[in-house]
2 protein chains.
Amino acid sequence: MGAGMEDSDLGNDDTDTSGPDVEVRTLADLARVAGVSAGTVSRALAGKSLVNAETRERIQALARQYGFRPNQMASKLRSRRTGVIGVVIPLGHEKRQQISDPFFLTLLGHLADQLTEAGYDLMLSRAIPDGTPDWLERITGSGMVDGVLLIGQSDQSEVIDQVVSHYRPLVAWGNHREGQKHIVVGTDNELGGRLAAEHLIACGARRLAFFGDTGGIEIATRLRGARAAAEAAGLHITHVPIKLADAEMGPQLEAAFAAPDADYDGIVTASDLIAMSALHVLHEMGRKIPGDVQIVGFDDLPLARLTSPPLTTVRQEIGQGAKVMVEKIRALIEGETRISKVMPPTLIVRETTRS
Amino acid sequence: MGAGMEDSDLGNDDTDTSGPDVEVRTLADLARVAGVSAGTVSRALAGKSLVNAETRERIQALARQYGFRPNQMASKLRSRRTGVIGVVIPLGHEKRQQISDPFFLTLLGHLADQLTEAGYDLMLSRAIPDGTPDWLERITGSGMVDGVLLIGQSDQSEVIDQVVSHYRPLVAWGNHREGQKHIVVGTDNELGGRLAAEHLIACGARRLAFFGDTGGIEIATRLRGARAAAEAAGLHITHVPIKLADAEMGPQLEAAFAAPDADYDGIVTASDLIAMSALHVLHEMGRKIPGDVQIVGFDDLPLARLTSPPLTTVRQEIGQGAKVMVEKIRALIEGETRISKVMPPTLIVRETTRS
DNA sequence: GCAGATACTGCAAACGTTTGTACGTCAGCC
DNA sequence: GGCTGACGTACAAACGTTTGCAGTATCTGC
């Protein structure tokens with residue numbers, strides 16, 4: 001009608017200094033207000049030196065004033081860089097459809113910190129591996145992330161290798177295995193298992209058990225290390241596959257201790273969580289710790305020092321691990337090639353062993 | 001140390017599936033292969049009924065065969081819908097630049113589950129509030145998310161209200177306050193604090209303390225509830241502002257107990273984490289629990305049942321809370337209007353009180 | 001056999017940026 | 001004074017989708 005909204009006359013730069021009377025949603029809008037072209041606005045906001053310093057600051061001030069922020073989707077589409085790292089937690093061998101392991105959650109927290117620091121956003125996905133590479137490719141192939149961080153490999157090492165053959169920027173937390181294609185940051189789980197078992201043996205334990213479900217390769221490797229230590233000492237170690245599901249853990253443990261030849265005096269656990277649960281069950285059974293039974297955890301969660309007695313455990317350098325993962329993924333994105341890093345765990349002796 | 005592999009050239013993997021001889025990266029590419037137009041391919045992959053069922057399946061098969069996935073950025077740009085929910089954790093009143101509270105982490109885990117279920121992706125941001133709305137608007141205004149979930153309000157209630165006045169789809173976890181504009185899902189913290197204190201009093205405690213930093217509104221409200229209960233019984237409750245930083249908590253607590261008139265016999269804590277730490281410190285000091293001192297936690301983390309003695313605590317329905325938050329944000333995105341939901345907490349009596 | 005409905009499909013215009021190239025101006029230099 | 005280069009800006013072509021609209025067969029009923 002009469003009142004056309006083609007407000008293209010930019011001669012009247014009179015009163016619109018303070019009031020965002022006209023909505024500015026796009027670069028073009030802001031360009032009109034500033035009396036320059038959209039391209040210049042784009043460069044100005046990106047802080048490029050190509051544009052006159054004075055103009056740049058004027059435009060930035062204008063953007064602030066109008067509360068303008070460039071549309072990220074458009075930006076990402078055009079620049080073919082998302083600034084987003086996908087973090088995926090494979091729910092692999094755990095039945096429970098839920099992210100619950102405090103270790104992974106803690107690692108996630110650290111990753112969030114490191115990624116933010118590095119200027120990346122973090123896109124979180126939980127995935128349920130199904131044998132095909134699809135659960136992973138749904139993320140790598142989405143075009144939504146510049147790279148992928150995998151929190152744990154579960155039992156999907158082959159699948160991951162397969163994906164990595166055509167998708168480079170991927171780093172996993174977990175266990176390094178010879179011949180594996182994908183890059184891994186993790187703890188030397190075999191050494192960890194060994195340290196735990198050796199310590200127990202040195203403290204006089206003879207009837208050993210390993211508590212943990214070996215569906216994931218990390219845990220399996222820990223068992224291997226523990227078993228090696230046991231055998232070196234001429235001892236047997238019983239494997240008890242406790243699963244990491246909050247609700248079931250108590251009953252599982254009770255059943256384990258009720259078994260006929262279950263009078264263990266030294267227990268290596270696959271995680272602090274299991275250790276804490278075991279501690280609790282043993283308390284209820286009236287067993288003295290470390291008098292009757294000694295226990296070693298794995299992870300050294302912040303909580304490990306709060307149990308009573310405080311938990312002897314194998315420490316994984318989780319903050320450091322997150323840092324390394326982020327470093328590696330960044331390098332990978334830059335096109336560099338990288339190698340895996342396995343970090344040695346440390347035995348933290350507290351009071352659930354007789355040291 | 002690290003073992004690794006330099007597997008740099010990966011171009012020669014042409015032995016895989018049945019003949020992706022021509023690379024298909026875009027809709028147009030696939031359209032060419034299928035002998036249709038790009039638009040049709042788009043519709044076919046979206047499963048629209050507009051395209052012939054047979055054609056649709058042929059195209060989908062082709063897409064699978066060539067491993068084609070539409071570029072999300074382009075899709076999101078065009079359709080103006082991202083399918084992403086931003087989850088932001090304000091690091092507000094905690095000095096420590098790190099996501100560490102297990103409660104928030106657990107809530108995050110549940111949110112991840114619920115959002116995935118609902119078909120949304122989750123973009124995680126940690127933010128450091130700075131008094132201006134900028135830390136939040138950086139996310140709401142980015143055009144990258146369809147909605148925002150806030151894990152805790154910290155002390156930013158006003159700022160959040162301000163943002164909500166022009167950005168609708170936002171739901172916060174936290175404390176509901178009369179007159180507040182933004183939608184909140186959370187626990188009745190005042191009631192929680194009251195339940196805890198009343199229970200202690202009923203169990204014979206007379207020298208009460210509240211352990212927790214009241215920088216965040218949630219905690220302040222819990223203290224208010226506890227104080228109300230104390231006053232109703234004619235008792236005084238001492239506020240000890242313990243901060244939630246892993247490393248410092250021990251020393252803080254020791255200092256608190258070393259204070260001249262610190263012979264508390266009943267402690268309400270602002271979180272299970274503080275309670276667990278206090279339990280530990282008290283153990284070390286040789287105090288009997290619940291004989292000498294009784295303690296009530298807050299949250300009912302899965303770990304609360306594992307302490308020794310098992311922790312009496314005020315339970316927040318965190319899984320339920322996550323579910324409600326996701327429901328509300330979805331409704332908000334659909335354009336509906338919503339109201340806050342405050343859920344009643346439950347007192348879980350275990351063994352750190354004499355019941 | 002024909003009008004009109006029906007069922008698909010193609011065309012092309014967005015979506016809002018970024019960025020290579022071209023253009024214009026101005027200073028410095030011989 | 002013209003040439004060279006530096007500097008700053010405008011122009012327009014992507015980026016890869018989705019989707020309204022128009023077009024073309026095929027079908028239906030009379």
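In what follows, chains are A, B, ... by sequence order, proteins preceding strands, each numbered from 1. As the structure is a prediction and not an experimental result, all values here were calculated from the model.
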- Query: What side-chain hydrogen bond (donor to acceptor under 3.5 Å, both in side chains) pairs are there with at least one residue in residues 77-90 of chain A, not counting sequence neighbours?
  - Reply: A:T82-A:D146
- Message: Give the residues of residues 72-84 of chain A touching DNA chain D, defined as any heavy atom closer than 4.0 Å, sorted by residue number.
- Response: A:L77, A:R78, A:R80
- Message: Students often get this wrong, so: under 4.0 angstrom with heavy atoms, is B:T26 touching a base, only sugar-phosphate, or nothing?
- Response: sugar-phosphate
- Message: I'd like to check the salt bridge (charged side-chain N to carboxylate O under 4.0 Å, His left out) partners of B:D134; sequence neighbours left out, ordered by chain and number.
- Response: A:R69
- Item | For A:E137, all residues meeting side-chain hydrogen bond (donor to acceptor under 3.5 Å, both in side chains), sequence neighbours excluded | A:H166
- Item | Distance-only donor-acceptor check, side chains A:W173 and A:Q153, under 3.5 Å | no
- Donor + acceptor pair across side chains of B:Q114, B:H110 (<3.5 Å): no
- Message: Among residues at least two apart in sequence or on other chains, which ones pass salt bridge (charged side-chain N to carboxylate O under 4.0 Å, His left out) with A:E336?
- Response: A:R338
- Message: One pair to check against side chain to side chain contact (heavy atoms under 4.5 Å, CB included): B:L136 and B:L150. What are the steps and the verdict?
- Response: CA-CA 9 Å; B:L136 226 195; B:L150 225 44; 4.2 Å; yes
- Task: To the nearest 10°, let me know how far the axis at one end of the helix from C:dG1-D:dC30 to C:dC30-D:dG1 is tilted from the axis at the other, five pairs an end.
- Result: 40°
- Task: Could you list the residues that satisfy side chain to side chain contact (heavy atoms under 4.5 Å, CB included) with B:V324, not counting sequence neighbours?
- Result: B:V185, B:Q320, B:K328, B:K341
- Any side-chain hydrogen bond (donor to acceptor under 3.5 Å, both in side chains) involving residues 40-54 of chain A? Give me the pairs, sequence neighbours left out, ordered by first then second residue. A:S37-A:T40
- Partners meeting salt bridge (charged side-chain N to carboxylate O under 4.0 Å, His left out) with B:R32 (sequence neighbours left out): B:D29
- Task: Tell me, please, which residues at least two apart from B:A44 pass side chain to side chain contact (heavy atoms under 4.5 Å, CB included).
- Result: B:V51, B:R56, B:I59
- Task: Please find the earliest and latest nucleotides of DNA chain D, in the 5' to 3' direction, that have an atom within less than 4.0 Å of any heavy atom of chain B.
- Result: D:dG16 to D:dG20
- Reading nucleotides 4-12 of chain C from 5' to 3' and marking B where a protein heavy atom lies under 4.0 Å of the base, S where only the sugar-phosphate is that close, and - otherwise, the string is ----SBBB-
- A:L107 to A:A322 - nearest heavy-atom pair and separation: CD1-CB, 4.0 Å
